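Take a look at the structure below.
The structure displayed is predicted, hence computed values, not measured ones.
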Amino acid sequence: VQLQASGGGSVQTGGSLRLSCAASGRTISGYSVAWFRQTPKNERDFVATISAGGGTTHYADSVRGRFTISRDLYRDTVYLQMSSLKSDDAAVYYCAAAWGDGEANLLLLDSRSAAFWGQGTLVTVSS
């Protein structure tokens with residue numbers, strides 16, 4: 001599986017962006033997909049995740065209520081809609097996938113469990 005993350009860019013505080021994570025080479029329909037983010041000062045932190053079936057999601061406390069993760073099973077793509085962006089949200093965002101092992105509600109929460117990674121997309125937030 002190859003994951004292609006896109007949609008990053010520069011936005012002002014309070015603005016919105018939508019990130020996309022598109023799969024190629026193999027479907028990710030049976031995989032939980034998550035977004036992580038990393039800054040030069042921090043490790044790769046969990047942001048949001050969605051189950052293989054798309055029915056279960058989980059968010060980091062810092063983004064809950066502002067970010068929404070979703071997946072389009074037909075397009076084999078996972079999205080991260082980011083709203084009310086803050087300076088603390090500036091980072092390189094990575095998508096990752098982990099096999100759901102047949103469990104529709106299993107969630108990828110730990111970066112160490114990821115089997116595949118996208119290349120990262122940069123989000124900058126300016127005041």
Side-chain angles (χ1 to χ4, degrees):
V1 176
Q2 292 183 331
L3 301 177
Q4 180 73 36
S6 63
S10 181
V11 64
Q12 289 189 326
T13 301
S16 300
L17 282 175
R18 188 177 79 159
L19 306 184
S20 298
C21 178
S24 63
R26 183 176 175 179
T27 181
I28 54 169
S29 62
Y31 289 76
S32 172
V33 177
W35 288 93
F36 297 85
R37 65 188 182 187
Q38 187 169 20
T39 66
K41 296 182 180 180
N42 297 326
E43 297 181 348
R44 199 165 290 189
D45 295 328
F46 167 77
V47 176
T49 185
I50 189 165
S51 61
T56 304
T57 59
H58 182 68
Y59 298 89
D61 289 342
S62 59
V63 306
R64 187 175 290 112
R66 301 187 298 119
F67 291 12
T68 302
I69 190 169
S70 62
R71 69 190 302 164
D72 185 328
L73 296 176
Y74 178 76
R75 291 183 170 83
D76 230 6
T77 301
V78 172
Y79 303 99
L80 184 68
Q81 178 67 48
M82 306 186 296
S83 303
S84 302
L85 283 161
K86 307 174 181 179
S87 58
D88 288 348
D89 296 319
V92 178
Y93 283 71
Y94 297 89
C95 60
W99 174 240
D101 201 22
E103 295 289 336
N105 296 321
L106 188 142
L107 294 173
L108 169 59
L109 297 169
D110 189 331
S111 60
R112 294 169 295 182
S113 299
F116 304 100
W117 287 90
Q119 83 289 4
T121 185
L122 177 64
V123 173
T124 58
V125 183
S126 59
S127 57

The remaining residues in the hydrophobic cluster of Leu73, counting side-chain heavy-atom contacts under 4.5 Å among Ile, Leu, Val, Met, Phe, Trp and Tyr, are none

Residues 2-14 vs side-chain hydrogen bond (donor to acceptor under 3.5 Å, both in side chains), sequence neighbours excluded, gives Ser10-Thr124

Heavy atoms of Ser113 and Ala98 approach each other most closely as O-CB, 3.6 Å

(request) Give a yes or no on whether the backbone of Thr27 and the side-chain of Ser29 come within a donor-acceptor separation of less than 3.5 Å. (result) no

Heavy atoms of Ala5 and Gly120 approach each other most closely as CB-N, 4.3 Å

inquiry  = Before you tell me yes or no, could you show the steps for Asp88 and Lys86 under salt bridge (Lys or Arg N to Asp or Glu O under 4.0 Å), namely the whole-Å CA-CA distance, both residues' side-chain angles and the distance that decides it to 0.1 Å?
reply    = CA-CA 5 Å; Asp88 288 348; Lys86 307 174 181 179; over 6 Å; no

Separation between OG1 (Thr57) and CZ (Arg64), nearest 0.5 Å, reads 9.0 Å

Students should find that the hydrophobic cluster of Leu122, defined by side-chain heavy atoms under 4.5 Å apart, otherwise consists of Phe36, Phe46, Val92, Tyr94, Leu107, Leu108, Leu109, Trp117

Within the side chain of Asp101, is there an N or O that forms a donor-acceptor pair under 3.5 Å with the backbone of Glu103? no

Residues passing the side-chain hydrogen bond (donor to acceptor under 3.5 Å, both in side chains) test with Asp89, sequence neighbours excluded, are Arg37, Arg66

For residues 39-53, the side-chain hydrogen bond (donor to acceptor under 3.5 Å, both in side chains) pairs (sequence neighbours left out) are Ser32-Thr49, Gln38-Arg44, Thr39-Asn42

Going by chain and number, the hydrophobic cluster around Val78 (ILVMFWY, side chain to side chain under 4.5 Å) further includes Val1, Leu3, Val11, Leu17, Leu19, Ile28, Tyr31, Val33, Trp35, Val47, Ile50, Tyr59, Val63, Phe67, Ile69, Leu80, Met82, Leu85, Tyr93, Trp99, Phe116, Val123, Val125

